K.L.:
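A single structure is presented below for examination.
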2 protein chains.
Amino acid sequence: MAEEQTAGAAAAAGPTGQGCSGQHEVLQAVPAHGPHVLGTHQLPVGAAASQQPSWQQYSSVFTASKAGMQNVDKEKVKRVVFEMSKDSAHFKNEQRKQAQVDARIAQLKAKAASISQAELAAHQKAADAKLAQLEAGRDLSRTWLHADMDAFYASVEELDRPDLKSKPMAVGGMGMITTANYEARKFGVRSAMPGFIARKLCPQLAFVKPDFRKYEAASVATRGVFKVYDPHFEAGSLDEAYLDVTDYCAAHSMTGEQVAAELRAGVEAATRLTCSVGIAPNATLAKVASDLNKPNGQALVVSSREAVMAFVHDLPIRKVPGIGKVSEQTLNALGITTCGQLLQQRGLIAALFSSISARFFLGAGLGLGHTQHGGDRGDEGGAGGGSVVARKGISCERTFANMSSSADMEKMADNLVQHLAADMESEGIESKTLTLKLKTTDFAVRTRAVTLAGHVHTAQQMLPPILKLLRAELPCEIRLMGVRGSALRRLTSAGDALDAAAAGGRLNALQRMILQGRKQQQRGEAVEQQQGEQQDEQHCSMVISYRQLAQDLAIMRGSMPSMKQRLLRCHMTCLMMKTRQVLSAAAMVRLAQMARAH
Amino acid sequence: MAEEQTAGAAAAAGPTGQGCSGQHEVLQAVPAHGPHVLGTHQLPVGAAASQQPSWQQYSSVFTASKAGMQNVDKEKVKRVVFEMSKDSAHFKNEQRKQAQVDARIAQLKAKAASISQAELAAHQKAADAKLAQLEAGRDLSRTWLHADMDAFYASVEELDRPDLKSKPMAVGGMGMITTANYEARKFGVRSAMPGFIARKLCPQLAFVKPDFRKYEAASVATRGVFKVYDPHFEAGSLDEAYLDVTDYCAAHSMTGEQVAAELRAGVEAATRLTCSVGIAPNATLAKVASDLNKPNGQALVVSSREAVMAFVHDLPIRKVPGIGKVSEQTLNALGITTCGQLLQQRGLIAALFSSISARFFLGAGLGLGHTQHGGDRGDEGGAGGGSVVARKGISCERTFANMSSSADMEKMADNLVQHLAADMESEGIESKTLTLKLKTTDFAVRTRAVTLAGHVHTAQQMLPPILKLLRAELPCEIRLMGVRGSALRRLTSAGDALDAAAAGGRLNALQRMILQGRKQQQRGEAVEQQQGEQQDEQHCSMVISYRQLAQDLAIMRGSMPSMKQRLLRCHMTCLMMKTRQVLSAAAMVRLAQMARAH
DNA sequence: CTCGTGTCG
DNA sequence: ATACCGACACGAG
DNA sequence: TTGCCGCGT
DNA sequence: AGTCACGCGGCAA
Ligand SMILES: Nc1ncnc2c1ncn2[C@H]1C[C@H](O)[C@@H](COP(=O)(O)OP(=O)(O)OP(=O)(O)O)O1
Ligand SMILES: Nc1ncnc2c1ncn2[C@H]1C[C@H](O)[C@@H](COP(=O)(O)OP(=O)(O)OP(=O)(O)O)O1
Ligand SMILES: [Mg+2]
Ligand SMILES: [Mg+2]
Ligand SMILES: [Mg+2]
Ligand SMILES: [Mg+2]
């Protein structure tokens with residue numbers, strides 16, 4: 001279908017024939033990543049560094065290039081965000097965090113500057129050895145797809161509000177928006193941006209309140225399609241999934257691109273929603289590729305070593321899943337902006353970072369990623385397809401109007417604990433360590449934990465220790481409280497038949513979903529009633545989206561990060577979470593309806 | 001003579017009537033301090049920070065404004081220094097050190113950013129209390145002078161080479177110059193600058209090899225004059241002294257300015273050299289003031305609280321003795337460039353620095369300084385006038401051609417130890433801990449110390465432990481080696497009568513000088529002979545200038561400095577050193593000659 | 001105490 | 001090509 | 001363990 | 001006026 005490109009990646013027009021698909025080619029997408037931060041010159045040392053802050057030096061989360069935002073005036077976005085932010089407590093907190101990052105980076109640079117030539121050469125040698133080892137493990141035999149819905153929540157809303165399709169629209173409220181359609185993105189409006197700032201960027205922006213049941217239903221519908229191409233597909237979140245289509249390709253004598261096109265058509269037929277797909281020899285590259293020709297496009301990374309290396313060479317490191325704002329800054333400070341430079345600077349990387357971190361970065365430089373489904377841990381086949389891994393923790397937290405009264409706070413703790421207890425019962429788990437989380441009005445986060453003598457799961461058991469933790473922090477003024485259970489194990493006390501089954505560990509994924517849905521009906525008020533008017537600002541779909549996904553990669557910390565097991569589990573733990581997508585019974589019914597509708 | 005200025009400081013033309021005196025007025029001198037580093041904008045965080053280094057971002061030691069360099073094109077100096085430096089091992093080491101400083105500064109800024117309003121207010125309150133306490137101790141009753149010879153070594157050399165007076169000239173060699181005359185300073189040539197860079201800045205620069213005996217003689221001659229105005233004057237180095245002229249003023253019904261003018265005339269008459277003088281209510285301000293109207297000028301800081309505060313308000317912190325390159329950068333990073341801002345930001349300072357450091361900075365902000373001679377420790381009147389404080393350490397070190405042969409290194413250690421032993425015998429001291437110092441060819445400095453069972457002072461005793469330390473470091477390639485004794489005590493074994501007296505602690509300062517001079521004749525070859533051609537690059541006057549001065553102020557370190565006893569001993573320990581100026585018998589004779597000559 | 005570092009001239 | 005020497009203090013380990 | 005942080009959606 | 005909720009991993013203390 002699409003001819004191969006020199007960079008080893010090719011774009012294909014959407015099967016629906018929409019003009020907006022396939023307009024981006026891989027190498028074009030690359031320079032779209034923040035070249036504006038380059039080419040500036042460094043402040044002469046010794047100069048005053050703390051004049052009045054201005055928007056030029058403000059580092060916004062919102063300026064990294066994302067799909068649909070290549071043509072945005074990033075300077076303007078930065079300026080507007082800065083103007084709206086600069087006097088807020090939130091901004092002050094951002095500055096505090098940035099100062100810490102700066103300190104760590106300076107530390108790292110000091111370490112880098114003190115490396116002798118001989119040491120660097122030695123580390124380079126070690127890096128070369130590691131590279132050879134990684135290279136030996138490269139597997140180009142499989143074909144992966146990563147499918148990701150376009151502006152997912154927003155597109156679902158447009159199904160009910162076709163009038164909004166051509167207008168800038170965001171899903172969320174004035175406090176926070178979850179996503180925005182591509183019209184809105186032209187203005188710089190995007191996920192995780194506060195609504196009031198989005199409105200400043202785009203005064204005509206339409207706001208739609210989120211309705212997670214719809215998204216759940218649509219998500220289930222998509223999976224019905226995914227399942228056709230890979231019965232063991234792994235969902236990364238409500239709106240995305242990884243598929244190993246090697247077998248499907250073989251069985252149907254199709255290329256990955258052809259399968260991708262067919263899959264996209266199938267998804268659109270099933271949901272009237274478009275998605276974008278990346279085709280690559282491993283899951284990580286497929287994920288990167290799926291973003292390149294959004295919306296409603298697809299991109300191929302040709303399955304040869306040369307093509308992969310070419311693809312990765314100029315790829316901005318920020319595109320690599322697991323390299324976020326801080327890691328990007330850190331590597332930039334070392335002169336590294338592309339994955340190719342990760343290889344070039346392999347000596348420096350080996351010298352500065354822990355062995356496992358270096359392994360991850362070098363892997364990114366080589367364009368490696370997971371090529372097999374499932375993890376190294378026990379999995380359990382389920383009705384939705386996929387594997388289940390034991391969860392490590394469960395939590396519930398809420399943001400609310402500033403609160404300082406201890407009575408209010410204890411009541412809030414009670415509500416949260418009750419919510420948590422219900423979730424734990426639904427999950428059939430009990431916890432040995434409880435953590436209280438507080439966010440003070442200046443956005444500083446505190447956590448206080450206690451490990452109990454035994455495992456607990458009822459509100460009655462959990463509230464007293466949580467209150468004890470809370471009282472130790474008083475007095476204080478907070479804007480968020482959370483409770484969390486960890487050190488989990490299966491709940492042994494029985495409830496009904498399903499509960500008993502859960503206790504025995506005999507649940508399959510479908511049974512779990514049903515159980516979840518049932519529990520979900522029974523509660524959902526205690527916590528929310530105290531939130532009052534702010535409810536619309538919190539965009540988790542009650543139970544489901546609280547646990548959308550696990551991360552595939554951990555990262556960075558303290559003096560210097562060590563991303564232990566990061567490469568190892570890359571896009572492996574990420575996929576475990578799909579069976580944690582807790583679907584209500586109602587959602588399943590709606591899924592059936594949608595499937596029938598097409 | 002000079003009318004008072006609004007800033008509380010006044011300048012007086014030199015008594016010799018030279019046109020170049022008094023041309024600088026206090027408030028003019030202030031902005032001369034590196035405004036070029038201000039007004040630049042900070043690098044956006046997240047931007048690449050390690051492109052190819054360029055001269056713009058190079059931080060030179062040589063760009064801070066010093067006397068006679070107000071009109072220098074600092075950008076050009078920076079560029080030239082950078083071009084001459086950038087490929088050198090020395091430069092690499094400077095970068096390493098700067099990276100460490102950057103790291104510490106970033107750390108500090110992170111700490112600053114995490115201070116809450118309440119905390120800041122609390123610290124401000126504490127700072128106010130400390131300020132009140134400091135203010136209560138302010139003493140404006142005394143009149144201090146600080147006299148500092150103009151381009152001292154260079155001016156002395158011009159006595160013998162009058163043809164050089166109008167030409168740019170430096171004292172030193174291609175490796176390092178000790179000072180330069182004011183003609184040379186117009187080109188940016190200055191103390192501690194490598195000669196080859198100075199020549200680049202000023203190709204016609206004349207180089208004169210240093211002759212420390214001349215400077216010693218001239219120094220002694222100046223002291224003969226100083227003694228008249230304050231028999232207890234305290235010398236800060238060969239070329240400067242502090243005088244409390246309160247009594248002289250009273251006895252002769254003269255103002256400080258009148259005394260200063262008379263002193264300057266006296267010094268010129270005695271030496272045919274000019275000096276500059278600061279007049280102020282304390283020693284520190286006098287020192288700052290003496291620099292303001294160099295050369296051959298004087299400056300007054302009026303003895304009133306208002307005048308002092310006005311003087312200090314816009315004074316660049318770098319002018320404060322004890323605040324060097326690193327402290328300046330550190331404070332600049334907090335937005336502090338002037339002493340006035342030290343007061344403005346008192347809350348921040350109290351929050352970030354140790355109590356004693358904050359005390360020092362606040363003291364600087366108030367324009368405080370020592371108002372009394374002598375220290376809190378035992379002093380012993382001496383013939384030269386002044387007090388003696390027990391020394392803490394004694395050392396000998398040499399730079400030489402890169403060396404990696406262990407045989408050469410052991411021979412060098414032997415020579416150094418012999419030199420040290422001779423010095424220790426001269427001083428009548430023995431040491432319990434020995435330190436070996438190595439500077440590798442990449443300019444990294446290592447010290448290795450050992451504390452012995454008992455005190456030692458002979459070369460035979462000291463060499464084995466030093467060799468042991470040395471061998472533990474092999475193999476390595478070095479450019480400098482040094483040996484040092486500390487944990488000192490009086491030598492109890494007897495030599496001749498003087499030695500016996502020394503052992504008994506009955507030496508006065510004059511006796512010490514004689515003893516030193518005698519010892520000095522006996523050695524001085526072992527170490528030097530191994531230096532060969534590089535001898536002219538080392539600019540300590542053999543024995544004497546090895547110990548020119550003690551520091552008055554300690555400062556800054558690690559996470560954040562605590563200048564313990566800094567304010568307390570400010571310009572107190574600094575003055576102890578005058579009796580450590582070891583004068584040879586020959587030098588004393590020459591002094592008498594010079595004194596007679598005028 | 002040991003070591004590295006800042007400061008002064 | 002070529003980047004000093006000596007003394008002292010501080011603070012982390 | 002505890003506490004804090006980075007990361008993804 | 002006004003800046004989410006969740007799970008997971010790394011690391012230092
Ligand atoms: N920070 C967030 N908080 C809450 N929900 C989020 C957040 N980011 C994303 N979501 C939700 C809304 C999104 O529609 C959905 C899928 O995310 P994602 O695939 O990253 O973007 P998107 O599907 O909206 O746009 P696109 O994939 O076209 O760039 O997850
Ligand atoms: N870094 C150094 N290394 C060795 N000797 C030095 C160094 N700095 C200064 N000296 C010597 C040479 C100087 O003539 C003498 C006095 O120093 P100083 O008073 O600071 O400068 P200066 O007397 O040469 O010029 P001026 O005082 O006019 O600015 O000490
Ligand atoms: Mg999406
Ligand atoms: Mg997605
Ligand atoms: Mg001088
Ligand atoms: Mg001087």
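The structure presented is a predicted model; accordingly, all values stated were derived computationally and were not measured. Every chain is numbered from 1 and lettered A, B, ... according to where its sequence line falls, protein lines coming before strand lines.
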K.L.:
Go through the structure and list residues passing ring pair (Phe, Tyr, Trp, His ring centres under 6.0 Å) with A:Y215, not counting sequence neighbours.
P.N.:
A:Y153, A:F212
K.L.:
For B:A487, report the nucleic acid contact type (base, sugar-phosphate, nothing); a contact means any heavy atom under 4.0 Å.
P.N.:
nothing
K.L.:
With respect to the side chain of B:F443, which nucleotide from E:dG6, D:dC4, F:dG7 is positioned closest?
P.N.:
D:dC4
K.L.:
Base, sugar-phosphate, or nothing for A:D239, non-hydrogen atoms under 4.0 angstrom?
P.N.:
sugar-phosphate
K.L.:
Is it the case that over 12 heavy atoms from other parts of the model lie below 6.0 angstrom from the NZ atom of A:K200?
P.N.:
no
K.L.:
Counting C-beta onward and ignoring hydrogens, is there a side-chain heavy-atom pair between A:L434 and A:R484 closer than 4.5 Å?
P.N.:
no
K.L.:
Measuring to OP1 and OP2 of D:dA3, would you say a side-chain N or O of B:S85 lies under 4.0 angstrom away?
P.N.:
no
K.L.:
Give the stems involving DNA chain F, where a stem is 3 or more consecutive Watson-Crick or G-U wobble pairs (i with j, i+1 with j-1, and so on) under 3.5 Å.
P.N.:
E:1-9 with F:5-13
K.L.:
Find the distance A:F207:CZ to F:dC4:C1' and express it as a whole number of Å.
P.N.:
15 Å
K.L.:
Quick one: A:Q329 CD to E:dC7 C1', roughly how many Å, whole number?
P.N.:
14 Å
K.L.:
Does A:T399 put a side-chain nitrogen or oxygen below 4.0 Å from OP1 or OP2 of F:dA5?
P.N.:
yes
K.L.:
Does some side-chain heavy atom of B:E240 sit less than 4.5 Å from a side-chain heavy atom of B:M149?
P.N.:
no
K.L.:
So, do A:R104 and A:T330 sit near enough that their side-chain heavy atoms are less than 4.5 Å apart?
P.N.:
no
K.L.:
Would you check if B:F82 and B:I197 make a side-chain contact, meaning some heavy-atom pair closer than 4.5 Å?
P.N.:
no
K.L.:
Using a strict cut-off of less than 4.0 Å between a Lys/Arg side-chain nitrogen and an Asp/Glu carboxylate oxygen, indicate whether B:K325 and B:E328 qualify as a salt bridge.
P.N.:
no
K.L.:
Could you check which of D:dC4, D:dA7, E:dT9 has an atom nearest any side-chain atom of B:R391?
P.N.:
D:dA7
K.L.:
Does any donor atom in the side chain of B:S357 or B:S354 lie under 3.5 Å from an acceptor atom in the other side chain?
P.N.:
yes
K.L.:
With a 4.0 Å cutoff (strictly under), does any side-chain N or O of B:K392 reach OP1 or OP2 of D:dA9?
P.N.:
yes
K.L.:
Name the closest nucleotide to the B:I394 side chain, picking from C:dG6, E:dG6, D:dA7.
P.N.:
D:dA7
K.L.:
Categorize B:A89 for me: base, sugar-phosphate, or nothing, with a 4.0 angstrom heavy-atom threshold over every strand shown.
P.N.:
nothing
K.L.:
Using only side-chain N and O atoms of A:S395, determine if any of them is under 4.0 Å from OP1 or OP2 of F:dA5.
P.N.:
no
K.L.:
Ignoring backbone atoms, establish whether A:K287 has a side-chain N or O less than 4.0 Å from OP1 or OP2 of E:dT9.
P.N.:
yes
K.L.:
Ignoring backbone atoms, establish whether B:R104 has a side-chain N or O less than 4.0 Å from OP1 or OP2 of C:dG6.
P.N.:
yes
K.L.:
Under 4.0 Å between a side-chain N/O of B:R479 and OP1 or OP2 of D:dC4, yes or no?
P.N.:
yes
K.L.:
Send over the distance from A:K325 NZ to E:dT9 P, rounded to a whole Å.
P.N.:
17 Å
K.L.:
Are B:R318 and C:dC8 close enough that a side-chain N or O sits under 4.0 Å from OP1 or OP2?
P.N.:
yes
K.L.:
Could you pull out all residues at least two apart from B:K439 that satisfy salt bridge (charged side-chain N to carboxylate O under 4.0 Å, His left out)?
P.N.:
none
K.L.:
Any chance the side chains of A:S486 and A:T433 put a donor and an acceptor closer than 3.5 Å?
P.N.:
yes
K.L.:
Nearest of C:dG6, F:dC6, C:dT2 to any side-chain atom of B:S327?
P.N.:
C:dG6
K.L.:
To the nearest Å, how far apart are A:D442 CG and F:dG2 P?
P.N.:
14 Å
K.L.:
Quick check for you: among C:dT2, F:dG2, C:dC3, whose closest atom lies nearest to any side-chain atom of A:F196?
P.N.:
F:dG2
K.L.:
Expressed as a whole number of Å, how far does the P atom of D:dA3 sit from that of C:dT7?
P.N.:
23 Å
K.L.:
May I ask you to verify if any side-chain N or O of B:T447 is less than 4.0 angstrom from the OP1 or OP2 atom of C:dG4?
P.N.:
yes
K.L.:
Atom CG of B:D148 to atom C1' of C:dC8: distance rounded to whole Å?
P.N.:
12 Å
K.L.:
Which whole-number value in Å describes the distance from B:R199 CZ to D:dA3 C1'?
P.N.:
14 Å
K.L.:
With a non-hydrogen cut-off below 4.0 angstrom, is A:S191 in contact with a base, only sugar-phosphate, or nothing?
P.N.:
nothing
K.L.:
Nearest nucleotide by nearest heavy atom, which residue falls closer to the 5' end of DNA chain D, B:I197 or B:R484?
P.N.:
B:I197
K.L.:
Answer yes or no: does a side-chain N or O of B:S88 lie under 4.0 Å from OP1 or OP2 of D:dA3?
P.N.:
no
K.L.:
Within the structure, does a side-chain N or O atom of B:T179 lie under 4.0 Å from either OP1 or OP2 of C:dG9?
P.N.:
no
K.L.:
Ignoring backbone atoms, establish whether A:R446 has a side-chain N or O less than 4.0 Å from OP1 or OP2 of E:dG3.
P.N.:
no
K.L.:
In this structure, how many angstroms lie between the P atom of F:dA5 and the CE atom of A:M176, rounded?
P.N.:
9 Å
K.L.:
Roughly how far apart, to the nearest Å, are F:dC4 and E:dC5 at atom P?
P.N.:
16 Å
K.L.:
Can a side chain N or O of B:R398 be found less than 4.0 Å away from OP1 or OP2 on D:dC5?
P.N.:
no
K.L.:
Whole Å only: how far is the CG atom of A:L438 from the C1' atom of F:dA5?
P.N.:
16 Å
